[in-house]
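Below you'll find the structure, written out as structure tokens, and then a few comments.
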Amino acid sequence: MQKTKTLCRLLLFFLMLCLLSGCWDREELEDKAYVIGLGLDRSKDKDKIKITMLLANPEVGSMQGGGGSTEKPREIISFDANDFIAAKATANSIISRNISYELLRIFVVSEEFARDSSFSTTFTDVLKDKEIRLNSYIAVSKEKASQYFMNNKPRMETRPHKYFQFMVSHGIENGLIPDSNLFRYFQTAERGSDLFLAMYTTAKRQKDPEIKREDEYTAGELNATGELDDTQFIGSAVFKSGVMFATLTGQETRTINILDDTTDIKDILVNIPDPFSDNKKQFAARVMKTKNNKIKMNLKGITPKIFITIPLQIEIMSNPSMVNFAKQKNQHIIKKHIANHFEKGNIKLLKKTQTELKGIPYPLPVYSKKYFATIQEYKKFNWVKAYPRADIHVKVDITMVDYGNRTRNAKRLGE
Amino acid sequence: MKQQSAKIGVREYVSIAVLMVGTKATEDTPANLYSQVQNAAWMIPLLSAGFFFIPLYLLIKTMSLYEGKDLFSVIKKILGKYLGFMVCLVIFIINSFAVSFDTRTYTNIIRSFYFTTTPTLIIYAILMFICAYGAKKGLQHIGSVSYLIVFYAVVSLYVALWLGTKHANINSMFPLWGPGAFVLVKEGAQKVTIFADFFLLTMVLPYLKSNKAFKKGTWFSYIYICIQISMSILIFVCMFDESLGGTAYPFHTLIRYISLGHYIPNVEIIFFIIWIMAAFIRFTAFLYINALMFGNLFKIKDFEYLIPSLATIYLMVGFIPEAPINVSLQFKPIIWSTAGPMFAGISILLWLVALIRGEFKHAKNKNIM
């Protein structure tokens, strides 16, 4: 009796052990090819799309494969397909391993396709494939996505997943590109009251770009020379109900990112015109935003009124006109000047969103919800129609962290 | 069976209740509520708890007349042999369907998020097998296992929700009244099913150390769970905003979205393991209670031997819906709209009959003597 009992338990134990391997969903790391980036283009065939897969070689750069491996770090394939879910199977006629979207970091959509009205229906498939995570990013490339991946040859970061991870997260921290993940894309599309911003990128440098201020470029316009990769991530593409229709420069994107409390910007380095200099010099400053904006609205009447207060912390990094900031008067002037500078920038951009874009590119309407008692009232207000005629006031609250690390002027030679 | 004589304490009882009812926030309940009342969905658990409070209070009051008797014995005592039997049978049948479709829902979640190529039947069979095994071990084992994992389950839920709040905007909870106060009250009354499990938990009263422990445990877990469910839904609403309407299982979408910094991006497996343990306990307790009911109905003393066959029947019933969408749109709403109001009705009926028959006076007189 005791023996059979033990035997039964042992059998049960082994049965459990078999179950632990995960039945049908057993996966071998060796057997997988991980797609890191997925490019989407319009196809020559009308009903189809062109898919570009950027596959990473997991062996490169890992501890074991460090020196000897002669394999390339990546592989790129492009072909026409109906959608990007079934395309996994088609790709297997070229790739030996099982294609997986589990580590998919970034979707690159060509501008041409993103502006197409069929884009949003094609892209909704993302929600159907459970391998795709909602925290992967969506970017719009100026050129065709298939060319983008081919031209994108990062020199320092040969492993593609690291490259995109670093590029995107530092871009977001600097505020030059929006935090455009799929979760936000669908949230905005579902809400329907505001616009969505996707990061704007290109791997083709413009010929003879003009020189602008540090953040006024869009992708491809920065005139960089040297031994470098041509890819640039700056600025944003504006989407209305899931389809792209306009672009914003890096500066405008930055302003939106400062307005938007839901993005994760860190400290931003900017140049601000120096009020003490007559020949248009600029000083460098570090802008930090640690507190949320205060938003007040008055939505009764024909013109809705919106009051936004933005708290910013400023640290002055350079002092081209050699002003003595120990004086109270100078401190006062610079503080006022910085606040003015930011207010002007914000108002200019918000005017642009009201007249050109006819929509707000960050979830401002959500803040108005508390002024309504029921959903019916909120729907009746109709943000899309009301926003262009709204009266928006922006106030910037400046807290100075530091006026630069010198309190006294440096002596000039010969003085 | 030796275990039957052993009794469970308040902490085990509370853990079972928390795992049984509290897990509702992690399945399709939030999406279900959101589709009715949009952003005011978080108020429904509070309202329902308020509505179900009266029946539950009356039921416990009635039960206290019969020290150490379970729900079915009390029903039979109050309503008589035949009517009582019918009422008990109806409760048992509704509960059986509820278990079937709930287990199917969990199977769907596991299949669509974690084991995408495994056949539904295999996952379902494994789930049922584990629950049946656990249930056969008896209430004391269920109690101690739930006490072991309840802490992890609750903490992991809070950690997941806390990570979710980083992507949430509190303003999404407005407009405060959602589709209007009247709709809210109506929905709140209908959705008392969320707390119907407390009605069923009165079945295990004889296995508790005392009536007082039962009362204390019930009220504590009742208040706690209503806050927990409401808070979870509030965070889902704030995070998903209007896209919650299209998200069938928000908890699982959430744990796939959140990450622990840049270096640990995919953390859902940690939460999944704890969640599935809680799910096992939930259905283990359900199966045990159902077997208890069946045993009581047909006077079967060693009801624990029924559990494997009951589990098999539930598996077969739960397998009737062809696809996940049928479960949540066709079969579950029937249970949702009947179980809660019916159980509330039975509770009030029991109290009324007891009152009319003067049972409360008897008890008082007895106490005085």
Side-chain angles (χ1 to χ4, degrees), chain A residues 12 15-16 19 22-27 102-103 105 124 127-136 161-162 165-166 168-170 179 181-193 260-264 292 295 363-379 381, chain B residues 37-40 110-123 125-126 129-130 133 164 166-184 237-249 252-259 261-263 265-266 268:
Chain A
L12 194 72
L15 189 77
M16 300 263 236
L19 291 178
C23 316
W24 273 255
D25 286 279
R26 181 180 55 94
E27 281 173 7
E102 263 155 27
L103 299 182
R105 280 261 106 203
T124 319
L127 292 173
K128 301 273 153 47
D129 194 322
K130 282 286 175 282
E131 278 182 7
I132 299 171
R133 284 159 191 279
L134 288 176
N135 51 11
S136 38
H161 69 284
K162 280 280 167 211
Q165 184 189 327
F166 290 155
V168 166
S169 61
H170 294 143
D179 182 2
N181 58 32
L182 298 181
F183 185 77
R184 289 168 73 99
Y185 175 84
F186 288 109
Q187 209 183 30
T188 316
E190 196 79 38
R191 221 170 12 223
S193 55
D260 189 352
D261 285 333
T262 52
T263 54
D264 232 2
N292 283 347
I295 298 172
L364 181 71
V366 175
Y367 292 90
S368 75
K369 284 188 168 179
K370 61 176 168 226
Y371 297 98
F372 300 97
T374 62
I375 294 171
Q376 289 88 331
E377 279 174 46
Y378 175 69
K379 287 260 153 74
F381 176 72
Chain B
V37 292
Q38 281 79 40
N39 57 358
I110 296 167
R111 188 182 133 81
S112 58
F113 280 92
Y114 305 97
F115 296 101
T116 41
T117 48
T118 310
T120 315
L121 184 63
I122 300 292
I123 298 175
I126 292 172
F129 176 76
I130 293 171
Y133 179 78
K166 295 195 165 167
H167 308 279
N169 186 342
I170 188 78
N171 286 292
S172 297
M173 72 186 265
F174 299 106
L176 194 63
W177 299 112
F182 177 70
V183 185
L184 280 184
V237 167
C238 289
M239 193 182 154
F240 289 88
D241 202 353
E242 277 166 49
S243 61
L244 183 59
T247 314
Y249 311 113
H252 299 273
T253 312
L254 182 143
I255 60 175
R256 281 175 67 88
Y257 179 64
I258 55 177
S259 58
H262 284 302
Y263 292 98
N266 305 340
E268 80 263 21

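So you know, we letter chains A, B, ... as the sequences are listed, proteins then strands, and number each from 1.
- For a residue to count as touching a neighbouring chain, one of its non-hydrogen atoms must lie under 4.5 Å from one of that chain's; by this rule A:Asn181 touches chain B with the side chain only.
- Atoms OG1 and CD, on A:Thr188 and B:Glu242 in that order, are 11.0 Å from each other to the nearest 0.5 Å.
- Two residues are said to be in side-chain contact when any heavy atoms from C-beta on lie closer than 4.5 Å; A:Phe372 and B:Trp177 fail this criterion.
- Residue B:Ile258 holds its CD1 atom at 10.0 Å from CG of A:Asn135, rounded to the nearest 0.5 Å.
- When heavy atoms are compared at a cutoff of 4.5 Å, B:Met239 approaches chain A by way of both its backbone and its side chain.
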_Please determine whether side chain to side chain contact (heavy atoms under 4.5 Å, CB included) holds for the pair B:Phe113 and A:Lys130, giving the CA-CA distance in whole Å, both sets of side-chain angles, and the decisive distance to 0.1 Å._
CA-CA 6 Å; B:Phe113 280 92; A:Lys130 282 286 175 282; 3.9 Å; yes
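- Looking at A:Glu102 and B:Arg256, no side-chain N of the basic residue comes within less than 4.0 Å of a carboxylate O on the acidic one, giving no salt bridge.
- Minimum interatomic distance between B:Phe129 and A:Leu12 (heavy atoms only, all atoms of both residues): CZ-CD1, 4.0 Å.
- Most heavy-atom pairs under 4.5 Å with chain B, from the set A:Lys379, A:Glu190, A:Arg133: that is A:Arg133.
- Looking at heavy atoms from C-beta onward, A:Tyr367 lies in side-chain contact with B:Asn169 at the 4.5 angstrom threshold.
- Here the OG1-CZ distance, from A:Thr374 to B:Phe182, works out to 14.5 Å after rounding to the nearest 0.5 Å.
- Checked for salt-bridge contact, B:Asp241 and A:Arg184 miss the test: no charged N lies under 4.0 Å from a carboxylate O.
- Smallest separation of non-hydrogen atoms from B:Pro179 and A:Ile375: N-CD1, 3.8 Å.
- In terms of non-hydrogen atom pairs under 4.5 Å with chain B, the most contact-rich of A:Gln165, A:Arg191, A:Glu377 is A:Arg191.
- Ring-centre distance between A:Tyr378 and B:Phe174: not below the 6.0 Å cut-off.
- Interface summary for chain B: among A:Gln376, A:Lys370, A:Lys369, the most heavy-atom pairs under 4.5 angstrom belong to A:Lys369.
- B:Asn171 places no side-chain N or O within 3.5 Å of a backbone atom of A:Val366 that could act as its donor or acceptor partner.
- Put simply, CG on B:Leu244 and CD on A:Gln187 are 10.5 Å apart, with the number rounded to the nearest 0.5 Å.
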